[in-house]
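The next block holds one structure in the form of structure tokens; read it before the comments.
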Amino acid sequence: MTATTDDPLDGGPFAGVDLDAFGEPARGAVLEASQDFRDVLAGRRPSFAQPDMDAPLPADGGSHGYIGRGYRLWICRSLSSFGGVHGYVYGPVLSFDQDVAPGNERSLAATRFYTAAQLHALLAQA
């Protein structure tokens, strides 16, 4: 099965990758993590991962940790300033478990800078 425009892989960290290339448990983890990744990019809560109640409380303006099946999701929402413009760095950071991603790098991220108004608009539309 190849990813389609209705597939959670479309627009996510594995866009364009053939699902048949993944064995289990990676296939399930990739599908769920990709949907959660897209959810966060759209300003929504993750569809699959649940809040990580054991994660330390961040002091950065609102980041949150979540646990999924075979991965952890960190929603970065960190107060930041660039060139005198204040706002947030926001976006998903995925870290896959060793059995899903045994290679050198197991993390994927898509963060960017938003002014407070931009981030508020993103989160309000979700």
If you apply the rule side chain to side chain contact (heavy atoms under 4.5 Å, CB included), what do you find for Arg27 with Glu32, and how did you get there? CA-CA 9 Å; Arg27 183 187 326 256; Glu32 291 178 9; over 6 Å; no

Kindly indicate, with the supporting measurements, whether the criterion side chain to side chain contact (heavy atoms under 4.5 Å, CB included) is fulfilled by Leu73 and Val93. CA-CA 6 Å; Leu73 171 67; Val93 179; 6.0 Å; no

Enumerate donor-acceptor pairs with a distance under 3.5 Å from any side-chain N or O in residues 119-126 to protein atoms, sequence neighbours excluded.
none

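Here Phe14 contributes atom CZ and Phe22 contributes atom CZ; the two are 5.0 Å apart, rounded to the nearest 0.5 Å. Distance CD/Gln98 to CZ/Phe96: 13.0 Å, rounded to 0.5 Å. Taken from OH in Tyr66 to CD in Gln50, the straight-line distance is 9.0 Å, to the nearest 0.5 Å. In this structure, SG in Cys76 is found 11.5 Å from NE2 in His64, a value given to the nearest 0.5 Å.
The side-chain tip of Arg77 does not point at the ring of Tyr90 from less than 6.0 angstrom away and within 45° of straight on.
Listed here is the closest heavy atom pair of Ala49 and Asp36: N-OD2, 2.9 Å. Closest non-hydrogen pair, Ser80 versus Val89, comes out as OG-CG2, 3.3 Å. For the residue pair Pro46 and Asp39, the shortest heavy atom distance occurs at C-OD2, 3.6 Å. Closest heavy-atom contact between Trp74 and Ser63: CZ2-CB, 3.3 Å.
Thr111 has its side chain out of reach of Ser78: every pair of non-hydrogen atoms, C-beta onward, lies at least 4.5 Å apart. Taking the side chain as every heavy atom from C-beta outward, Pro51 and Met53 approach each other to under 4.5 Å.
Hydrophobic clustering places Phe48 together with Val100 (ILVMFWY residues linked when any side-chain heavy atoms are closer than 4.5 Å, directly or through intermediates).
For Phe82 and Phe113, the distance between ring centers is under 6.0 angstrom.
Within 6.0 Å of the CZ atom in Arg45, the count of heavy atoms belonging to other residues, nucleotides or ligands does not exceed 12.
In this structure, the side chain of Arg72 does not engage the main chain of Ser95 through any donor-acceptor pair within 3.5 Å. Side chain of Glu105 to backbone of Gly103: no donor-acceptor contact under 3.5 angstrom is found. Put simply, the side chain of Asp52 never gets that close to the backbone of Ile67: no donor and acceptor are under 3.5 Å apart. Distance alone, capped at 3.5 Å, is enough to place a donor-acceptor pair between the Arg38 side chain and the Asp10 backbone. A donor-acceptor pair under 3.5 Å links the side-chain atoms of Asp18 to the main chain of Asp20, judged by distance alone.
Of the N and O atoms on the side chains of Arg106 and Tyr71, not one donor lies less than 3.5 Å from an acceptor on the other residue.
Here the options are Leu108, Ile75, Leu41, the test is side-chain contact (heavy atoms from CB on, under 4.5 Å), and the partner is Pro92; only Leu41 passes.
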